[in-house]
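Read through the structure below, which is laid out as structure tokens, and then see the notes.
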Number of protein chains: 2
Amino acid sequence: MTDYYKGYGQFYVSVDCVVFGLNEGRLSVLLTRRAFDPGQGRWSLIGGFVRPTESLDTAAHRVLSELTGLDDIYMQQVGAFGEIERDPGARVVSVAYYALVNFDAHDRRKVEEHNGAWVDLSELPELVFDHPQMMAEAMARLRTRFLTEPIGLTLLPASFTLSQLQALFETVLGRPMDKRNFRKRAMEATCIEPTGEKDRLSSKRGAALYRFNPEVYERDRKFKF
Amino acid sequence: MTDYYKGYGQFYVSVDCVVFGLNEGRLSVLLTRRAFDPGQGRWSLIGGFVRPTESLDTAAHRVLSELTGLDDIYMQQVGAFGEIERDPGARVVSVAYYALVNFDAHDRRKVEEHNGAWVDLSELPELVFDHPQMMAEAMARLRTRFLTEPIGLTLLPASFTLSQLQALFETVLGRPMDKRNFRKRAMEATCIEPTGEKDRLSSKRGAALYRFNPEVYERDRKFKF
DNA sequence: TCAAAAGTGTTCAGGGTACACCCATGG
DNA sequence: CCATGGGTGTACCCTGAACACTTTTGA
């Protein structure tokens, strides 16, 4: 460790995660009420300070693991937020991430323990600090990736119907999609393969179930909606 | 300032800028040889520590202003880099940016004073720390924006020929483009308007000069290559 | 007169979009 | 038997890509 850096300011560094999940077919985000001031009691993204022993990515994974019990989560950095007064409590530079979790697989008890709550995207409460910007930016990134990479499939259960998939695309992209065109593209994506099973819950006729095959995706890289 | 945050680690936070400029028609980046250890003498992006009185964006602008004398520079954040050992001298979280500067307008003396040097992109030296990743990521972002937003025009002199513009696109995107298709699209971009002048330097026949009109761009938003 | 860059339209193929009806079944 | 969601193909348009020759003029 050299002496040169001495004399420059140091800052708290935190991570904040926009965690998306599909709760009862509705796109939701995991929020929490802040446990301390500033902003105690207000809605906040889930986050935490980066420890000296952690990289930014590691810190984000830890925070997510603590809250959901999941270790293998799709996660992307959104960017750094560093306005001077963004956190009135202290100078904190925060790095935002977004994550996609499989709702069925996560540990609801942990969420409760940490005062977390899944909130429907269409009913977002007012968020603390600059979390609204983080949210908006995360959403924008999610949308652009959604059409060209099979990240949306991580939100769905292991087997799913094409109607579920289409509904997911429609909520994320915020626009209706043509059923026949959608299914045509799904058929062209070789990584979406039929399980042979039928889902008999959501319709009388029953809908074919599909699963995502990551190996096939790595091989073909065909995914275009 | 609350006491809650006490007890968490604090870090140095820096900004690092990938500064693109068009030097003699060649796409170049502004680099510097590090003036101190760790990595003294090695090639580095230009950067500096964020001060307590600055936001991240402000710090990036200051660093750029100090080196080029320019205050109104197109700049975009690339992301935060925070591996523990990325800087062996201390724990430093760095936020990368890329910037596009008008080569003719910048202050070369300041560059020299700071040991800066414009290096042709095709002759990039080995860079210090994780600067190669920052560089690669900046380049990737530049490329994706280049086709849909008129950011490339900030690299060119106030008036330019379509050949110059095409050459710029070709170097940034790294592929040849069809001349007729290119010019057709340039004509459709109403924000690229003829000055009425001719450039007689680069060809015997002389080429029509064009300028970029930001107001027209704001109005029409037509720019697609 | 020749070398060097400027300038100019058309054709074709492929992808994206729009669109409507029958099927299977549980209640 | 009917209401509900599942499942299927085609026609058109438009955008993107390929392509070659004439013009101007300084050396």
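For clarity, every value in this text was computed on a predicted model and none was experimentally measured.
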Salt bridge present between B:Glu215 and B:Arg219 (N-O < 4.0 angstrom): no
Length of the CG-C1' vector between B:Asp199 and C:dA6, whole Å: 11 Å
Which nucleotides of DNA chain C pair, in dot-bracket form (Watson-Crick or G-U under 3.5 Å, | meaning another strand): |||||||||||||||||||||||||||
Atom pair distance, as rounded to whole Å: CG in B:Leu165 and P in C:dA5: 18 Å
NE2-CG distance between A:His131 and A:Leu45, expressed to the nearest 0.5 angstrom: 5.0 Å
Test ring-ring contact (aromatic ring centres under 6.0 Å, His included) applied to B:Tyr217 - qualifying residues, sequence neighbours left out: none
Aromatic plane relationship, B:Phe225 with B:Phe169 - under 30° parallel, 30 to 60° tilted, over 60° perpendicular: tilted
A:Asp199 and A:Thr161 side chains, donor-acceptor separation under 3.5 Å: no
Please enumerate all protein N or O atoms sitting under 3.5 Å from an N or O of nucleotides 1-8 of chain D, with distances to 0.1 Å.
unit_1: D:dG6; atom_1: OP1; unit_2: A:Ser163; atom_2: OG; d: 2.7
unit_1: D:dG6; atom_1: OP2; unit_2: A:Ser163; atom_2: OG; d: 2.8
unit_1: D:dG6; atom_1: N2; unit_2: A:Arg205; atom_2: NH1; d: 3.2
unit_1: D:dG6; atom_1: N3; unit_2: A:Arg205; atom_2: NH1; d: 2.8
unit_1: D:dG7; atom_1: OP1; unit_2: A:Ala208; atom_2: N; d: 2.8
unit_1: D:dG7; atom_1: OP2; unit_2: A:Arg183; atom_2: NH2; d: 2.4
unit_1: D:dG7; atom_1: O5'; unit_2: A:Arg183; atom_2: NH2; d: 3.1
unit_1: D:dG7; atom_1: N7; unit_2: A:Lys179; atom_2: NZ; d: 2.7
unit_1: D:dG7; atom_1: O6; unit_2: A:Lys179; atom_2: NZ; d: 2.8

Donor-acceptor contact present, side-chain B:Gln164 to main-chain B:Gly25, <3.5 Å: no
Heavy-atom closest pair, residues B:Asp16 and B:Arg86: OD2-NH2, 3.9 Å
Distance, rounded to the nearest Å, where B:Gln166 contributes CD and C:dA6 contributes P: 9 Å
Euclidean distance, atom CZ of residue B:Phe182 to atom P of C:dA6 [Å, nearest integer]: 12 Å
Please tabulate, for the side chains in residues 66-75 of chain B, all donor-acceptor contacts under 3.5 angstrom to protein atoms that are two or more places apart in sequence or on a different chain.
unit_1: B:Glu66; atom_1: OE2; unit_2: B:Arg62; atom_2: NH1; d: 3.2
unit_1: B:Thr68; atom_1: OG1; unit_2: B:Leu64; atom_2: O; d: 2.7
unit_1: B:Thr68; atom_1: OG1; unit_2: B:Leu70; atom_2: N; d: 3.1
unit_1: B:Asp71; atom_1: OD1; unit_2: B:Ser65; atom_2: OG; d: 3.0
unit_1: B:Tyr74; atom_1: OH; unit_2: B:Arg145; atom_2: NH1; d: 3.2

Validation: residues 117-125 of chain B side-chain donor-acceptor distances under 3.5 Å, sequence neighbours left out:
unit_1: B:Trp118; atom_1: NE1; unit_2: B:His106; atom_2: NE2; d: 3.2
unit_1: B:Asp120; atom_1: OD1; unit_2: B:Ser122; atom_2: N; d: 2.9
unit_1: B:Asp120; atom_1: OD1; unit_2: B:Ser122; atom_2: OG; d: 2.7

Which pairs, protein N/O on one side and nucleotides 13-17 of chain C N/O on the other, fall under 3.5 Å?
unit_1: C:dG16; atom_1: OP1; unit_2: A:Lys224; atom_2: NZ; d: 3.4
unit_1: C:dT17; atom_1: OP2; unit_2: A:Arg185; atom_2: NH2; d: 3.2

Exam field: side chain B:Glu188 to backbone B:Lys222, donor-acceptor pair closer than 3.5 Å: no
Whole angstrom value for the distance that separates C1' of C:dA24 from CZ of A:Arg200: 8 Å
Minimum heavy-atom distance between B:Leu147 and B:Arg175, given as atom pair plus value: CD1-NH2, 4.1 Å
